[in-house]
Structure formats: C-alpha cells, structure tokens
Q: 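The structure's right below; bear with me while I get my questions together.
None of the values given here were measured: they were computed from a predicted structure.
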Amino acid sequence: MEQISTLLTRYPWLNTLIDRGLRVILIIAVVLVCAKLIHLISLQILAFAKKAHRENGHGREREKRIETVVKLVDTSLRVILFGAAILMGLRELGLDITPLLTGAGIAGVALGFGAQSLVKDTIAGFFLLVEDQIRIGDVIKLNNLLSGTVERMELRVIAIRDGDGTLHIVPNGEIKSVSNMTYDFACAVVDLPFTYQVDLKRLSEVLEKVACEFEEDPKWKMQLRSRVEVLGVTKFEHTHMTVEISAKTEPHSKWSVARELRKRVKFALDEAGVEQVRA
C-alpha cells in the first residue's frame, strides 16, 4: 500500500487516470444494468400484453403490432442511454465534448429539415399502432376519400387494397381522419323505397316475418350481434318514402347480411303482392 501511495504521490497524473477510469467503469456498469432492466421490462410488458390479448380472443396480428411498438421503445431508450453514456465517458476522460455536442446539434437540425416527412410518418404510424385505431383486415376509409381493406401496417406507411384490387400505399403522416367500418362490430342497413300508396300495416307484417325467419336461420344467426329491426319509415322523398331495416353484425358480415336481407325481402314482397318503387 505504501508503494502504491508513493507512486501516486510521485505521479499525480496516474492518480487522476485511475480516478477517471473508475468513474468511466462505473458509468459503463450503470448503463449496462439500466439497459438490461429496460430490456427485461419490455419483455415483461410484451408477455403480459400477449397473454391478455389471447385471453380476449384477439389474433396474432395484434400481438405483432404490440411487439413492434415495444421493440421500438426498447431500442430507442437503449440507444439514448448508450449515447448519453458515451458523452459522459468522454467528459470523464477529460475530453471537451462541447464541439461534439454543437456538431451533433447542427447535424440533427439539418437531418430534421431533410427528413421531416419521414419523421412525421414514423410518429403518426407509432400512434396508430399504440392507439389500436386500425387493424390488419379492417375495412376503412382514409380522409373521406380512399376506402379499402388494410393489408399491411408499418411505422411509415399503410397498405390498403380497394374494391378494384388496386393496392394503395399511404404514408401515415398523410392520414388526417380514419373511418373504420369493421371495428369490433358493424351494422347492416337496408333501405327500401315504397310509394305513398303502400299499406304500411301489411308491409310491416311482411318485413317482421322476414326478420324473424332470418334470425332463426342457423347459417345467419352466428353473423348477428342483435335482432333484425324493422325501423319503419325513415325518409320522405318527392316520389316515395324509405323504410329501413337494420341489424348489428359481426365486423365483416354487414355486406353479406344486407345482401341476404334484400334478397329475402324481395321474394317476400313479391309473394305478398307488395310493390316497391321502380327505377
């Protein structure tokens, strides 16, 4: 010990080197422990979320989205942590990091101006994933213009295939509004035009019979979330009035349920001798 003390007294720079070296080692140790904790916490969150979604009947696609978000946050936090550790280590070694911070700031500003759209798309995509606004397979309308089925979701873009089979790639930053037509459930609405001379009592009896038979059909019963309701007259036009039938359905069944109801109503009206408005 005396020899070490003498050595340190004779060479002050050695004492400084050891002191700074220990600080750097401590910084590295703390950073590694923190990074490991962040990673473990991310894994726990991911495992918990996957378990919860499986218990609630959600599909693998939602698990993949959660995994994407958790991994992104995990990686981002660790990159920030290691970057801060490098700067702290350089400062402890006696290096002036001011020029480095200044240069990094200027480069960051330049990069920010050059990649504004990319950053905007990524941030928008991150919140789309976190807030669970859209899922793979949903039928949606974007900005009240483009509608179709969601085929792919990424941090930067979303891919939608319309009814013509065209695949549209839309940057997430361009999405201003989302209308999701298949989120959790949907509603099949059938509007039926009739002249003002129609016997509403007779018409209601025919439609109620169609609704009851439809609900009891095993093929269609599983597609319904509620009873088929005959709502009655919902609109008056110059030449006719509109009678509406509605039913809450499974998310992607609204169109098939509506088509089947129209077909059954047509057959029932023909059999009962009730005429609809002709085009």
Side-chain angles (χ1 to χ4, degrees), residues 1-56 58-132 136 152-157 172-173:
M1 294 295 295
E2 292 181 1
Q3 293 179 349
I4 296 175
S5 178
T6 302
L7 188 62
L8 293 177
T9 303
R10 181 177 299 180
Y11 303 105
W13 61 269
L14 186 59
N15 186 27
T16 303
L17 181 62
I18 293 174
D19 181 52
R20 291 182 176 179
L22 290 175
R23 291 182 184 180
V24 171
I25 292 173
L26 179 61
I27 291 172
I28 293 174
V30 171
V31 167
L32 290 176
V33 171
C34 291
K36 187 65 175 179
L37 286 175
I38 290 172
H39 185 60
L40 291 176
I41 291 172
S42 300
L43 292 178
Q44 289 297 318
I45 293 174
L46 184 58
F48 177 78
K50 285 183 176 181
K51 182 179 178 181
H53 277 191
R54 287 196 184 104
E55 291 176 353
N56 290 331
H58 296 284
R60 170 61 182 161
E61 193 54 51
R62 296 191 67 182
E63 296 177 17
K64 288 168 62 179
R65 293 170 61 182
I66 293 175
E67 185 176 354
T68 300
V69 173
V70 172
K71 285 184 176 180
L72 175 66
V73 174
D74 178 23
T75 303
S76 299
L77 288 177
R78 287 196 285 170
V79 167
I80 293 172
L81 191 63
F82 284 122
I86 291 173
L87 293 177
M88 292 172 64
L90 293 175
R91 186 179 63 181
E92 290 299 331
L93 292 175
L95 298 176
D96 185 8
I97 62 173
T98 303
L100 181 62
L101 291 175
T102 303
I106 295 173
V109 171
L111 183 62
F113 277 112
Q116 286 184 66
S117 60
L118 178 62
V119 174
K120 179 182 177 183
D121 294 341
T122 302
I123 293 175
F126 174 80
F127 282 106
L128 279 176
L129 290 169
V130 170
E131 295 173 1
D132 199 22
I136 302 296
R152 189 173 77 252
M153 287 188 66
E154 298 175 359
L155 277 175
R156 195 180 67 82
V157 298
N172 293 323

Q: Which pair of heavy atoms, one from Leu128 and one from Met153, lies closest together, and at what distance?
A: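 Smallest heavy-atom distance, with atoms named: CB-CE, 4.3 Å.
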Q: Please walk me through it: do Leu81 and Ile38 pass side chain to side chain contact (heavy atoms under 4.5 Å, CB included)?
A: CA-CA 10 Å; Leu81 191 63; Ile38 290 172; 4.2 Å; yes
Q: Out of curiosity, Arg156 CZ to Lys120 NZ, how far, rounded to the nearest 0.5 Å?
A: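 Between Arg156 CZ and Lys120 NZ, I get 13.5 Å after rounding to 0.5 Å.
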Q: If you look at every heavy atom in Gly125 and Asn172, which pair is closest and at what distance?
A: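 Shortest heavy-atom contact: CA-ND2, 3.3 Å.
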Q: Looking at side-chain heavy atoms only, is the closest gap between Leu32 and Phe82 below 4.5 Å?
A: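 Counting from C-beta outward, Leu32 and Phe82 do come under 4.5 Å.
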